[in-house]
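What follows is one structure encoded as structure tokens, with my remarks underneath.
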Amino acid sequence: MLRPQDAGADARVEDTAKAKRVKRRLTSRTATIASLIIAVLWTLPTFGLFVSSFRPRDQILENGWWTIFANPGFTLANYQEVLLSASASSPQLGAYFANSLSIAIPATVFPLVLAAMAAYAFAWVPFKGSSTLFIVIFALQIVPLQMALIPLLQMFTQFLQPAQEAVSDTLPFIPTSNFLQIWIAHTIFALPLAIFLLHNFIAEIPGEVIEAARVDGASHSQVFWRIIIPLALPALASFAIFQFLWVWNDLLVALIFSGGTEEAAPLTQRLAELTGSRGQEWQRLTAAAFVSLAIPLIVFFSLQRYFVRGLLAGSTKG
């Protein structure tokens with residue numbers, strides 16, 4: 001029976017020693033001061049947005065958030081209007097939260113699984129032309145996302161939409177997803193970077209671990225699921241955080257491939273509409289922005305320990 005924990009014990013000990021050396025350098029006094037300065041500069045605008053989310057509309061328009069002590073005034077009306085309003089001009093965000101989750105979770109899982117399989121194949125399954133193909137995939141990262149939107153939309157219109165309609169007509173009990181085009185688009189855009197990053201991590205796994213498993217009769221699928229996945233978990237979690245945050249905050253791709261309909265519109269689309277037709281109601285946007293932060297914060301803090309391990313491992317490999 002394969003035991004990846006035992007097989008990778010020596011590698012983890014070596015990585016731990018390297019991580020300690022990196023930690024000593026990163027916790028020096030200069031690094032601490034620089035980190036504090038960056039943290040203050042990074043969080044100051046967010047703090048201003050947070051203060052503004054509790055201020056009445058008139059005070060937001062008349063003076064800046066930094067005058068809160070000279071012009072005190074707090075209200076929960078902004079959050080009440082965003083979360084509990086039933087008006088057509090400011091509908092509740094619950095449906096849009098569900099849409100964003102329905103988009104972000106599959107659009108994170110799909111490229112993560114496909115990229116992990118491809119990275120393992122490039123790293124440990126030799127085949128003719130693998131180096132050339134990997135370079136081509138790496139080069140796809142320089143293609144601007146905006147250039148691919150129109151060709152991809154044309155492809156979906158010509159092939160995917162008729163296929164969905166045919167499946168719906170033939171098998172009416174199988175629902176065709178409103179998010180299928182968005183999932184495919186995000187997966188395509190994420191794969192080049194995901195394959196490159198995961199390949200660099202998986203390729204650094206000690207070859208003795210893979211060879212021992214192969215000698216014991218393990219197939220490629222067994223090696224992948226029982227050795228590669230457990231050892232590459234920090235790298236997988238790191239990419240999952242980046243991909244989830246990217247998809248959750250995306251507006252362009254979702255707006256184009258969802259068609260702008262309420263059934264598939266993400267939360268970011270609704271946030272863009274909250275300011276009104278002429279941008280005069282942006283106090284709603286300050287409150288809605290902090291409401292939308294809840295899910296990304298939960299995801300980040302849930303995977304934070306894997307994220308830090310992935311960064312340290314990536315910095316000490318090679």
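Just so you know, residue 1 is the first one in the sequence shown, and it goes up from there. Only this structure's heavy atoms are used, side chains among them; waters, hydrogens and symmetry mates stay out.
F239 approaches A194 most closely through the heavy-atom pair CZ-CB, 3.2 Å.
Note on L145: it clusters hydrophobically with I103, by side-chain heavy-atom contacts below 4.5 Å among ILVMFWY residues. If you chain together hydrophobic residues whose side chains sit under 4.5 Å apart, L297 and I241 fall into the same group. Taking hydrophobic clusters as Ile, Leu, Val, Met, Phe, Trp and Tyr residues chained together by side-chain heavy-atom distances below 4.5 Å, L193 does not share a cluster with V143. A continuous path of ILVMFWY side-chain contacts below 4.5 Å connects F127 to I137, so both sit in one hydrophobic cluster. V125 and I135 are not part of a single hydrophobic cluster, where members link through side-chain heavy atoms under 4.5 Å apart.
T108 is linked by a side-chain hydrogen bond (donor to acceptor under 3.5 Å, both in side chains) to nothing, counting only residues two or more places apart in sequence or in another chain. For S221, the side-chain hydrogen bond (donor to acceptor under 3.5 Å, both in side chains) test picks out S219, with sequence neighbours left out.
For S100 (side chain) and F97 (main-chain N/O), no donor-acceptor pair under 3.5 Å exists by modelled atom type. T268 contributes a side-chain N or O that, together with a main-chain N or O of D250, makes up a donor-acceptor pair within less than 3.5 Å. Within the 3.5 Å criterion, the main-chain N or O of L245 finds a donor-acceptor partner in the side chain of N249. The backbone N or O of I202 sits less than 3.5 Å from a side-chain atom of W124, completing a donor-acceptor pair. Here the side chain of S130 pairs no donor or acceptor atom with the backbone of P126 at under 3.5 angstrom.
Distance check: I188 CD1 to I184 CD1 gives 6.5 Å after rounding to the nearest 0.5 Å.
The 12-atom threshold is not exceeded at CD1 of I150, counting heavy atoms of other residues, nucleotides or ligands nearer than 6.0 Å.
Between Q269 and Y96, every side-chain heavy-atom pair lies at or beyond the 4.5 Å cut-off. You'll find the side chain of I182 stays beyond 4.5 Å of the side chain of I256, heavy atoms only. The shortest distance between side-chain heavy atoms of L112 and Q243 does not fall below 4.5 Å. At a threshold of 4.5 Å between non-hydrogen side-chain atoms, the residues F122 and L133 count as touching.
Taking the six-membered ring where the residue is Trp, F156 and F257 present perpendicular rings, their angle passing 60° and hence far from 30°. Using cut-offs of 30° and 60° for the angle between ring planes, the F110 and W183 rings count as perpendicular. Between F244 and W248, the angle of the ring planes stays under 30°, which puts this pair in the parallel group of the 30/60° scheme.
Ring centroid separation for the pair F290 and Y79 does not come in under the 6.0 Å cut-off.
Side-chain polar atoms of H199 and Y120 form no donor-acceptor pair below 3.5 angstrom.
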